[in-house]
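All values below come from the heavy atoms of this structure, side chains included, with hydrogens, waters and symmetry mates left out.
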Amino acid sequence: MNNTRAVEMLRETLGSPAMSPGTFLGLASPTAIEIAALAGCTWVLLDLEHGGGTLEQVGPSVQAAAAAGIPLVVRVPAPERAVIGWVLDQGAAGIMLPRIESLDHARECVSYFDYPPLGQRGVASYTRSAGWGKYSVRESARGVCMIQIETTGALEEVSSIATLPGVDSLFIGPLDLSFALGVPEDFDNPVFTQALTTVVAAANGAKIPVGSLISDPARIATMQDFGMDFLALGSDALALRKGLSDQVQQISNPGSQA
């Protein structure tokens with residue numbers, strides 16, 4: 001699967017009428033991508049902001065995702081021009097931008113996805129995204145730009161951010177946003193639920209998909225009710241810990257329910 005097809009697939013799956021399931025990858029293991037695909041995830045995200053990996057994992061992760069037939073999103077450590085351009089060159093289908101603080105900040109970061117004269121992305125033809133020179137960079141698909149809404153500044157200007165040319169999707173960072181709003185981890189607090197409603201309305205108004213992350217499967221129905229188009233089902237690390245913990249619990253307490 002080449003880069004253009006991966007980008008197209010990501011756009012299709014995020015914008016699907018049915019909620020698109022994915023997961024975060026924090027263990028920096030390409031094998032986890034294969035497992036996630038076999039489990040039914042339609043996209044995966046390599047988390048370089050909080051996960052255990054570094055930029056060195058981007059290339060192998062792109063290869064693993066291509067082999068598994070699903071698109072890869074990379075959450076960069078910070079929304080910096082050089083990092084965004086480099087990750088796109090490696091063939092990532094999309095990039096999630098964390099810690100966006102305002103409309104002006106979002107506008108600046110979005111410009112890193114496009115080549116001049118539209119944007120500020122550096123141009124090179126010998127990259128994975130260009131098929132190592134097989135394809136013209138002018139014909140390469142533009143990577144999906146996913147803006148994370150997790151600060152009060154971004155929330156206050158979310159309607160304008162959503163309509164910025166080049167913004168393809170919004171993603172609600174629930175933990176950071178709950179802390180920013182002064183209701184840490186209280187996802188049923190009216191202050192937090194109103195924020196969710198505001199972000200979803202902004203995305204719907206701009207006709208772009210919106211998604212979020214959960215760690216508790218019991219919240220899937222709630223997030224569907226809020227109108228999420230795609231959902232990250234925890235992470236590889238959470239799934240591993242939870243799966244083993246349930247089995248250890250059964251050994252330690254025979255007859256207990258997982």
Side-chain angles (χ1 to χ4, degrees), residues 1 6-7 9-10 13-14 16 18-78 83 87-88 90-99 128 143-144 146 148 150 169 171-178 185 187 209-224 228-251 258:
M1 180 168 62
V7 172
M9 184 179 294
L10 181 59
T13 191
L14 296 185
S16 170
M19 180 181 281
S20 302
T23 192
F24 277 29
L25 306 168
L27 298 179
S29 168
T31 304
I33 297 174
E34 179 183 2
I35 295 169
L38 289 171
C41 288
T42 57
W43 58 276
V44 289
L45 180 143
L46 177 64
D47 186 6
L48 300 184
E49 183 189 20
H50 294 299
T54 65
L55 290 171
E56 292 179 356
Q57 275 74 48
V58 175
S61 296
V62 169
Q63 293 174 314
I70 58 175
L72 175 79
V73 179
V74 175
R75 178 159 71 176
V76 292
V83 174
V87 171
L88 290 173
Q90 304 314 302
I95 294 183
M96 181 182 288
L97 303 179
R99 308 308 305 175
R128 180 179 282 109
V144 172
M146 191 179 295
Q148 192 158 346
E150 58 181 347
S169 175
F171 187 87
I172 300 164
L175 273 174
D176 278 285
L177 186 57
S178 71
E185 298 184 277
F187 304 126
V210 57
S212 190
L213 166 72
I214 62 165
S215 56
D216 182 0
R219 291 193 59 80
I220 292 175
T222 298
M223 300 306 273
Q224 287 176 319
M228 298 297 160
D229 297 301
F230 60 98
L231 201 60
L233 306 175
S235 70
D236 50 2
L238 287 175
L240 177 61
R241 184 199 59 78
K242 178 65 165 58
L244 287 175
S245 293
D246 287 348
Q247 295 178 70
V248 170
Q249 175 80 9
Q250 292 183 60
I251 291 175

Stepwise side-chain contact (heavy atoms from CB on, under 4.5 Å) test for D236 and T23: CA-CA 7 Å; D236 50 2; T23 192; 5.7 Å; no

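- Of the possible polar contacts, none joining the D229 side chain to the G211 backbone as a donor-acceptor pair under 3.5 Å is found.
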Audit row: L175, F187, side-chain contact (heavy atoms from CB on, under 4.5 Å) steps and yes/no: CA-CA 9 Å; L175 273 174; F187 304 126; 4.0 Å; yes

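- In terms of heavy-atom proximity, M19 sits nearest to F230 at CG-CA, 4.1 Å.
- Scanning all heavy atoms of the two residues, the minimum distance from L27 to A237 falls at CD2-CB, 3.9 Å.
- Smallest separation of non-hydrogen atoms from A32 and L25: CB-CD2, 4.1 Å.
- Distance alone, capped at 3.5 Å, places no donor-acceptor pair between the T13 side chain and the M9 backbone.
- In this structure, S169 OG and L14 CG are separated by 5.5 Å, a value rounded to the nearest 0.5 Å.
- The structure places CD of E49 at 7.5 Å from CZ of R99, a figure rounded to the nearest 0.5 Å.
- Between the T42 side chain and the S20 main chain, no donor and acceptor come within less than 3.5 Å of each other.
- What you find for V7 and G143 is that their closest heavy atoms are CG2-CA, 4.3 Å.
- Counting only heavy atoms from C-beta outward, the side chains of P98 and V76 approach each other to under 4.5 Å.
- E34 places no side-chain N or O within 3.5 Å of a backbone atom of P30 that could act as its donor or acceptor partner.
- The shortest distance between side-chain heavy atoms of L45 and V74 does not fall below 4.5 Å.
- When atom types are taken as modelled, the side chain of D47 and the backbone of H50 share a donor-acceptor pair closer than 3.5 angstrom.
- Looking at Q57, its side chain does come within 3.5 Å of a backbone N or O of T54 through a donor-acceptor pair.
- A 4.5 Å side-chain heavy-atom check between P77 and V83 finds at least one atom pair inside the cut-off.
- I70 contributes atom CD1, which lies 10.0 Å from atom CH2 of W43 (distance to the nearest 0.5 angstrom).
- Taking CE of M96 as the reference point, atom CZ of R75 lies at 6.0 Å (rounded to 0.5 Å).
- Side-chain contact check for V73 versus V144: every heavy-atom pair is 4.5 Å or farther apart.
- P71 and A6 make their closest contact through CB-O, 3.5 Å (heavy atoms, listed as atom of the first residue, atom of the second, distance).
- Once rounded to the nearest 0.5 Å, the distance linking CE of M223 with CE of M228 reads 4.0 Å.
- Considering every non-hydrogen atom in both I33 and S61, the closest pair reads CD1-O, 3.5 Å.
- Note that CG of L46 is 6.0 Å distant from CG of L72, once rounded to the nearest 0.5 Å.
- Residues F171 and L213 have side chains in contact (heavy-atom distance under 4.5 Å, counting atoms from C-beta outward).
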